Structure formats: C-alpha cells, structure tokens
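Quick notes on the structure that follows.
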There are 2 protein chains.
Amino acid sequence: MARLSDVIEEFIKSLLRESEGQLELQRNELADYFECAPSQINYVLATRFSLNQGYHIESRRGGGGYIRILRLDVDKNDYLHYLLSEGIGAKVSEQAALQIINRMKEQEYITQKTAYLMKSAVLDKAIGMPSSLKDNIRAGILKSMITAILAWDSRNA
Amino acid sequence: MARLSDVIEEFIKSLLRESEGQLELQRNELADYFECAPSQINYVLATRFSLNQGYHIESRRGGGGYIRILRLDVDKNDYLHYLLSEGIGAKVSEQAALQIINRMKEQEYITQKTAYLMKSAVLDKAIGMPSSLKDNIRAGILKSMITAILAWDSRNA
DNA sequence: ATAAGACTAAGGTCAAAGAAAGTCAAAATA
DNA sequence: TATTTTGACTTTCTTTGACCTTAGTCTTAT
C-alpha cells in the first residue's frame with residue numbers, strides 16, 4: 001500500500017506533465033477527491049514541491065481561492081538553481097549579493113537594467129536595519145527575486 | 001471559478017480604457033447586470049479602485065444618482081518622486097506595496113515582468129522576519145527600487 | 001404661488017455569513 | 001525514530017442583506 005502522500009504527489013506531477021508545467025487547483029477539491037484532510041495537501045506541497053525540488057507555489061485564500069503550482073525549468077538554468085539550493089545560505093553579505101547579481105548579468109540570465117534594479121533591493125541602505133539580521137533579510141530577498149526570474153519563464157511558457 | 005469581483009473589476013477597467021479614463025455608471029444597473037448585491041459594487045470599488053491604486057471616485061445619491069470613476073494618469077517622474085517623498089512613509093504593508101507596484105505596471109512605467117520581480121522582493125515571505133520591522137524594511141526596499149528606476153532613466157537619457 | 005411633508009429613487013455602511021487556504025501540533029503509522 | 005495523517009483553529013477574501021442617508025418629485029394646505 002503506497003503512502004497516500006506519494007499518490008497525491010504522482011497525481012499532481014502527472015497533471016503537470018499534461019499542462020506544460022503549470023497548474024491551478026483547489027485544495028479542498030483535491031482533498032475531497034483523495035478523501036483526506038485538506039492540510040495533507042499542504043504537507044505534500046511542502047515536502048515534495050519545494051523550491052529546492054524545483055517548484056514554485058502561489059496561492060490565494062477566500063472565495064474563488066486557488067493553489068498554483070509551477071514546475072521550474074531545471075536543466076536550462078543551472079546556475080540559478082545552484083544559487084537557490086546551495087549557493088545562497090541563510091545569510092549573504094552585500095558584497096556577495098552584488099557579485100552574484102553581476103554574474104547573473106554576465107551569464108545573461110538578466111539584463112543590465114534588471115541587474116541594476118535587483119542590486120538596489122539588496123543594498124545595506126535599502127534594507128536599513130543595523131544588526132546582523134541584514135544579511136539574513138538580504139538572503140531572503142535575493143532568493144525570492146531569483147525564484148521570480150525562474151517562475152516568470154515557466155509561467156509565461 | 002473566477003471571482004465575480006474580478007470580473008466586475010475587469011469590466012470597469014475596459015470601460016475606462018474605452019473612455020479616456022473617465023466614466024459614469026449607475027450602481028443598481030451594474031449590480032443588475034451582474035446579478036449581485038448592489039453593495040458588491042462598493043466592495044469592488046473599495047478594494048480595486050482606491051486612491052492608492054490610482055482612481056478617484058465621486059458619487060451622488062437620490063434620483064439621477066451616479067458613480068463617477070476617474071483614472072488618475074500622472075507623469076511618471078512626478079509619480080515616482082511623489083512616492084519617494086510622501087507616498088511611501090517609514091512603513092508600508094505588503095498589500096500597499098503590491099498595490100503601488102501594480103499601479104506602476106498599469107501606468108506602463110514598468111513591464112509586467114519587472115512588476116513580478118519587484119513584488120517578489122517585497123513579499124512577507126521574502127523578507128522573512130516576523131515582527132513589525134517588516135513594514136519598515138519593505139518601505140526601504142521599495143523606495144530603493146523606485147530610486148533605481150528613476151536613476152536608470154536619467155542615467156540613460 | 002409656495003412651503004411642508006410624503007413619496008420615490010438613488011447610493012452608502014456595516015456586520016454577518018460563506019468560501020477558500022494556512023498553521024501547528026497531536027496522533028498514528030511505517 | 002521519522003514520516004505521515006488528522007483536525008482544531010486562524011487568516012484572508014468575497015458575497016449578501018438589513019438598515020441608513022441623500023436628492024429629487026409630487027401633493028397639499030395656506
């Protein structure tokens with residue numbers, strides 16, 4: 001007897017295959033279909049569709065809510081995935097962040113203008129905050145922006 | 001299932017596009033057309049056509065009453081400078097930040113892709129941090145990105 | 001002719017109900 | 001012990017409806 005989470009994982013992945021890596025679903029509907037608790041869907045998403053595993057999730061609550069799952073294009077964007085999974089840890093200095101963005105530009109993942117914009121978002125000046133928390137916050141922001149760059153392409157495929 | 005509020009929003013926006021950003025309508029008529037409660041029109045106006053989102057609403061009750069909606073089209077530089085000097089204070093909520101970025105996109109000051117990138121940088125998730133400091137940090141980042149957009153333009157003028 | 005008051009035709013407000021999704025930790029299971 | 005399953009509780013967003021306010025119109029007494 002396969003674990004239900006594995007079944008749900010496979011189900012979602014087959015849906016993704018049929019729909020070019022992009023998919024929108026209703027949490028309660030899916031939970032109904034598999035006769036499980038709605039929160040199990042969250043568990044499956046958290047453990048099998050994380051960023052490190054190459055997926056991006058967007059969702060909305062309330063009437064007409066949804067969960068959107070994007071499969072990021074993995075092999076095409078090696079460096080970016082490396083950054084997300086190992087390259088950027090919990091903390092990143094300003095210098096390191098700027099270097100990373102420069103390299104992204106040199107490898108033509110982003111335009112010069114986008115690089116300029118991204119840099120502005122990770123500057124010490126932008127983040128304000130004294131303390132060592134700055135480097136944590138910067139890491140979060142940088143990762144989020146890199147994820148957005150990856151997600152954009154999948155989303156508009 | 002698309003949210004009715006979104007449908008009404010799009011309907012109004014398309015009317016605005018056809019009429020140079022100015023439009024007068026009858027609340028009950030519109031509610032009839034969409035078969036919804038009249039107060040849902042107010043909900044749509046409040047959540048999607050606020051001043052921050054770039055719209056101005058005037059209305060009149062009683063016989064011959066109406067609701068007038070104006071799209072405020074501002075000059076790019078004026079608007080961005082306004083945001084930096086008054087529009088964005090020391091703190092900004094996630095919602096408010098996303099609305100500002102949406103407006104920049106609707107006014108075509110930035111592309112949709114850039115909007116997506118900028119949004120990713122101001123999300124609660126990106127900033128991490130529980131606490132109320134989030135809104136301060138977000139304000140700093142958003143201002144920094146807006147400054148970068150201004151600087152880029154003048155630099156490449 | 002006119003001012004007061006009643007009637008009608010709008011739009012406004014607010015709170016409750018409904019419709020999702022998120023979180024977290026306890027319980028169950030492998 | 002680690003992973004999975006469940007469920008109670010929370011948060012967010014939307015929809016509905018009862019009640020309120022305001023503007024114009026019509027009657028009527030003076």
Side-chain angles (χ1 to χ4, degrees), chain A residues 1-12 23-53 55-70, chain B residues 1-12 23-53 55-70 93-99 102 119 122-132 134-135:
Chain A
M1 175 65 169
R3 291 199 256 21
L4 180 53
S5 285
D6 291 340
V7 179
I8 296 174
E9 175 188 358
E10 250 325 298
F11 182 75
I12 292 175
L23 148 67
E24 215 166 87
L25 56 83
Q26 220 99 34
R27 187 181 74 152
N28 288 336
E29 223 171 70
L30 194 58
D32 262 13
Y33 180 70
F34 286 106
E35 293 176 319
C36 65
S39 55
Q40 179 149 16
I41 307 302
N42 297 86
Y43 176 73
V44 172
L45 294 178
T47 55
R48 278 114 161 130
F49 294 88
S50 69
L51 189 53
N52 282 350
Q53 287 157 326
Y55 297 89
H56 177 66
I57 313 282
E58 294 168 33
S59 68
R60 222 181 138 158
R61 308 184 190 199
Y66 61 83
I67 297 180
R68 182 182 298 146
I69 305 173
L70 298 170
Chain B
M1 195 182 324
R3 290 172 222 77
L4 182 53
S5 286
D6 288 345
V7 178
I8 297 173
E9 175 189 356
E10 251 324 298
F11 181 75
I12 293 175
L23 144 69
E24 214 165 272
L25 57 83
Q26 220 96 35
R27 187 180 76 151
N28 288 334
E29 221 172 73
L30 195 58
D32 263 13
Y33 180 69
F34 285 107
E35 293 176 319
C36 65
S39 54
Q40 180 149 16
I41 307 302
N42 297 84
Y43 175 74
V44 172
L45 295 178
T47 55
R48 282 115 158 123
F49 294 88
S50 69
L51 191 55
N52 273 344
Q53 286 159 319
Y55 298 89
H56 178 67
I57 311 283
E58 294 166 34
S59 67
R60 236 184 132 153
R61 308 183 189 200
Y66 60 85
I67 297 180
R68 183 181 300 146
I69 305 172
L70 292 104
S93 71
E94 187 185 61
Q95 261 224 341
L98 296 178
Q99 282 180 5
N102 271 333
K119 284 181 193 177
V122 298
L123 291 177
D124 279 358
K125 262 195 304 190
I127 298 174
M129 304 282 298
S131 89
S132 58
K134 245 184 330 196
D135 290 353

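Chain identifiers are assigned alphabetically (A, B, ...) following the order of the sequence lines, protein sequences preceding nucleic acid strands; residue numbering begins at 1 within each chain. Every value quoted in this text rests on a predicted model; they were computed, and no experiment measured them.
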Report yes or no: does A:Q53 contribute a side-chain atom to a donor-acceptor pair with the main-chain N or O of A:S50 at less than 3.5 Å?
yes

CD1-CD1 distance between A:I41 and A:I12, expressed to the nearest 0.5 angstrom
6.5 Å

Output the rounded distance in Å from CD (B:Q95) to C1' (D:dT11).
13 Å

Whole angstrom value for the distance that separates P of D:dG7 from CG of A:N28:
14 Å

Taking the side chain of A:R27 as its heavy atoms from C-beta onward, which of C:dG12, D:dT4, C:dG22 lies nearest to it?
C:dG22

Of all the nucleotides listed (D:dG24, D:dT4, C:dA21), which has the minimum atom distance to the side chain of A:I67?
C:dA21

Round to a whole Å and report the spacing from CD of B:Q26 to C1' of D:dG24.
14 Å

A:L4 has an atom CG; how far is it from atom C1' of D:dG7, in whole Å?
16 Å

Rounded to the nearest Å, what distance is computed from the CG atom of residue A:D6 to the P atom of nucleotide C:dT29?
17 Å

How long is the gap from CD on B:E9 to CG on B:L45, to the nearest 0.5 Å?
10.5 Å

More than 12 heavy atoms of other residues, nucleotides or ligands under 6.0 Å from OH of B:Y66: yes or no?
yes

Among the candidates D:dT14, D:dT5, D:dT21, find the nucleotide nearest to the side-chain atoms of A:S5.
D:dT5

Of A:R60 and B:G62, the one whose closest nucleotide on DNA chain D sits nearer the 5' end is A:R60

What's the CZ-C1' distance between B:R61 and D:dT25, to the nearest Å?
19 Å

Taking B:Q26 for its side chain and B:G65 for its backbone only, find out whether a donor-acceptor pair lies under 3.5 Å.
yes

The correct set of residues in residues 34-53 of chain A placing a heavy atom under 4.0 Å from DNA chain C is A:S39, A:N42

Let me know the distance between CD of B:E29 and C1' of C:dA9, rounded to the nearest Å.
13 Å

Nearest-Å distance, CG (B:L25) to C1' (C:dA9)?
16 Å

Does the side chain of A:L4 come within less than 4.5 Å of A:C36's, by heavy atoms?
yes

How many angstroms lie between atom CG of B:L30 and atom CD1 of B:I8, to the nearest 0.5 angstrom?
6.0 Å

